[in-house]
K.L.:
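For reference, the structure I am asking about is given below.
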Amino acid sequence: MMYAAIIVDIPNKAVSKIFEYEVPESMVSFTKVGHRVLVPFGSRTIQGFIVELKETVDYDTTKLKPIAKLLDIEPVLKPELVELSIHIADYYVDNYINVIETILPAALKSNYKKVLVGHDDAAIDWINARPKGPEVKYLTKEELKELRVFIKEERITEETIIKQHTAPKKALAVYAIVDDMNLENAPKQLELFYEIQAASEPTLMRNLTERGYSNHLVNELYKKGYIEKTEVEIERDPFKNKVFEADKKKALNAEQQENFNQIKQSIDARQDDIFLLHGITGSGKTEVYLQAIDVALQNGQEAILLVPEISLTPQMANRFKSRFGDDVAVLHSGLSPGEKYDEWRKIKEGRARVSIGARSNIFAPFENLGIIIIDEEHETTYKQNERPHYHAVEVAKVRAKYNRCPIVLGSATPSIESYARAEKGVYKLLELTKRAVNQTPIDISVVDMAEEHKRGNISIISDTLQDKIIERIEKEEQIVLLLNRRGYANFQLCQDCGHVSTCPHCDISLTYHKRKQNLMCHYCGYEETVKKVCAACDSTSVTFRGLGTEQVEEILRDTFNTDVVRMDFDTTKQKGMHEKLLNTFERENISILLGTQMIAKGLDYPNVTLVGVLNADTMLNLPDFRASERTFQLLMQVAGRAGRHQLPGEVVFQTYNKEHYAIQFATNQDYMGFYREEMDFRKVARYAPYYFHVLFTISSERMADVIEGAHHVHQTLSQQMSNTSIIVGPAPSPIERMNKQYRFQILLKYKRESGLMDVLKALDDHFFETYKAKGLLLKIDINPSLIM
DNA sequence: AGCACGCCGACT
DNA sequence: GTCGGCGTGCTC
């Protein structure tokens with residue numbers, strides 16, 4: 001007898017375990033690990049995934065049920081990804097099915113729907129008379145009453161159907177079914193018939209219309225019985241209307257060649273080495289990636305490329321498309337679920353051998369990986385902030401080991417942890433120190449805003465920056481300005497009583513958005529219309545403080561009498577707006593591009609010669625041990641946007657913390673200097689890479705419950721952890737209340753804890769079993785990227 | 001999650 | 001007397 005271990009498709013911790021089923025004799029020969037199946041579960045039938053096939057079983061054999069049905073011909077998950085799912089669920093303390101859902105395209109997620117089935121005419125009529133027909137939805141009290149009678153009399157039954165979100169897309173096509181025809185009097189029809197007959201496969205109707213044959217014309221041939229209609233599967237191709245110019249291999253310089261050779265050696269030898277490619281902006285990392293991928297392809301293997309957020313780096317994706325053509329699948333957040341499903345199938349069926357995408361692209365269903373490349377490895381987007389809280393680099397290491405292939409982590413400003421590993425020899429360090437195109441070095445200056453205020457300039461633009469902006473506008477060159485704060489004003493302040501409007505759910509000040517005339521919470525999305533009087537004392541002298549991009553856009557327009565493109569969350573949340581704004585900026589040679597940190601990434605415009613950071617301190621003051629690192633990386637990155645081509649570039653940082661080492665080292669473009677100083681801080685403060693971290697966040701609407709829960713976590717950790725570990729807290733989270741929930745946090749810092757995973761699992765179980773009903777939640781974040 | 005089972009109040 | 005409220009516990 002053959003049995004299957006199955007994970008059921010119900011996202012609830014209570015059923016996040018392995019259930020066992022019989023494989024019916026008739027199915028044995030084509031049932032495989034990774035198959036999607038339907039299984040009887042309690043009184044219903046649900047979807048599940050086979051994770052193991054075996055001869056023996058742990059559960060009571062008399063209670064076993066057989067698998068009802070296989071849902072696919074080929075398994076949707078390869079054994080590697082089944083193994084990986086289970087590993088991730090265990091490691092990051094999450095439900096199995098949550099992980100499987102993040103690995104598979106959303107289109108394969110089950111969608112249960114209850115429908116009514118009538119068994120006599122009166123019952124069927126009754127069902128159809130309801131506005132929603134057979135769907136069990138929006139039943140009124142009376143309808144429910146009537147329905148009960150039908151069900152009791154067994155004239156209507158309820159059935160659950162499992163619907164797929166997206167099926168392969170179909171389109172109408174036609175093909176010829178006769179050889180001889182009589183179309184002497186209809187030359188256009190004759191021409192069309194020959195066209196259809198000549199094709200080896202059915203011709204898509206839409207292609208015929210494109211070529212100028214009307215639907216009517218096709219239908220004439222159909223009516224006369226010369227052609228037949230059929231439905232064929234088609235691919236949604238998001239790049240359909242794009243033309244890619246072939247991109248040829250570029251000659252590597254000595255440094256690039258040396259690094260490339262090492263990577264090639266690893267690929268050829270099938271070693272799971274991890275390379276840290278530390279290359280300054282413009283040193284030609286991408287060309288090394290391209291050629292390394294080419295090696296894998298030549299060896300008959302596949303490649304994964306991860307980028308922080310693909311919509312921010314269209315130039316990169318285009319370049320890969322140009323080099324490798326149809327071999328490339330591109331997955332990004334702008335695609336519809338159907339488009340994503342098609343790109344996923346392209347990879348799975350071996351029609352694409354390179355896949356480019358953001359974080360979740362690490363799960364691309366390849367079978368024989370030759371290389372995994374993670375560009376801008378220091379970016380926080382590689383860590384998922386929802387469950388499962390996985391980090392793409394950590395997942396990459398597991399996949400690399402399984403596939404015996406190398407990983408390349410590329411960055412101009414590697415994360416402190418990665419560089420430390422490279423220094424220790426855990427990673428192999430590769431360096432690119434020369435710019436591929438010869439350029440004059442960037443000229444970076446710092447403006448002390450405190451000085452500026454003392455001199456009487458209270459504007460957000462310093463005199464120095466103002467002069468430089470005017471100079472560029474006169475020369476018709478372009479300027480990029482960064483302000484890491486969206487909205488119009490940071491908060492609303494009453495000048496009489498000092499009252500600041502705060503979010504009723506989040507204990508954080510509301511941001512004023514002028515265009516929408518409202519106050520918004522940037523954490524939970526709460527909105528209220530702005531009032532002209534103070535909510536606390538009815539005073540009318542309310543003002544707005546703390547400039548945001550919306551207001552600075554106005555200021556720039558007024559001061560410089562020029563066009564400004566503003567790019568922030570509010571102007572780019574609509575699909576395609578990102579690219580559109582950048583195109584406008586480039587094509588129309590708009591003087592100023594103003595934006596939040598999203599502009600720091602990937603921009604490469606030859607006419608940009610001045611970059612200004614209006615407030616370099618916003619990130620410095622975050623209550624997070626990585627605040628300096630973030631600031632340094634952002635400043636380095638944004639500075640790289642200036643003077644990328646022939647024209648010399650200039651950069652201005654405006655700050656109130658002129659002496660801060662993050663700003664100093666960024667000004668001198670000194671990564672190593674920053675790294676050394678930051679490492680000293682991490683060592684003294686006992687943070688990563690000297691310690692690993694786990695962040696526990698306990699939340700509930702009731703403060704008393706939060707305190708009780710936090711106490712329980714603290715006590716458990718104190719008892720179970722060794723004395724080499726440090727437990728910080730419990731303390732209120734930096735944003736004490738978010739979405740009506742009070743939040744407390746505990747940070748565990750450890751070097752080695754062999755029993756940690758069991759303790760985490762026990763804590764998670766305990767919260768589920770005893771506190772869930774109260775609405776008390778525990779979030780466990782392994783290696784958090786943000787401590788807030 | 002969803003469904004069955006089970007034990008208490010207000011209605012044909 | 002029954003219907004139906006939702007608390008509890010189980011699903012291979």
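In what follows, every chain begins at residue 1, and chains take the letters A, B, ... in the order their sequences are listed.
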K.L.:
Would you mind reading off the distance between A:Asp9 atom CG and B:dG2 atom C1', rounded to a whole angstrom?
P.N.:
14 Å
K.L.:
What salt bridge (charged side-chain N to carboxylate O under 4.0 Å, His left out) pairs are there with at least one residue in residues 388-398 of chain A, not counting sequence neighbours?
P.N.:
none
K.L.:
Just the table, please: protein N/O against nucleotides 8-11 of chain C N/O, every pair under 3.5 Å.
P.N.:
{"residue": "C:dT11", "atom": "O3'", "partner": "A:Gly42", "partner atom": "N", "Å": "3.0"}

K.L.:
With sequence neighbours left out, what residues match A:Asp624 under salt bridge (Lys or Arg N to Asp or Glu O under 4.0 Å)?
P.N.:
none
K.L.:
Does A:Arg486 have any salt bridge (Lys or Arg N to Asp or Glu O under 4.0 Å) partners at least two apart in sequence or in another chain, and if so, which?
P.N.:
A:Asp570
K.L.:
Checking A:Lys32 now: which residues fulfil salt bridge (Lys or Arg N to Asp or Glu O under 4.0 Å) with it, not counting sequence neighbours?
P.N.:
A:Glu74
K.L.:
For A:Glu753, which residues count as a salt bridge (Lys or Arg N to Asp or Glu O under 4.0 Å) partner, sequence neighbours excluded?
P.N.:
none
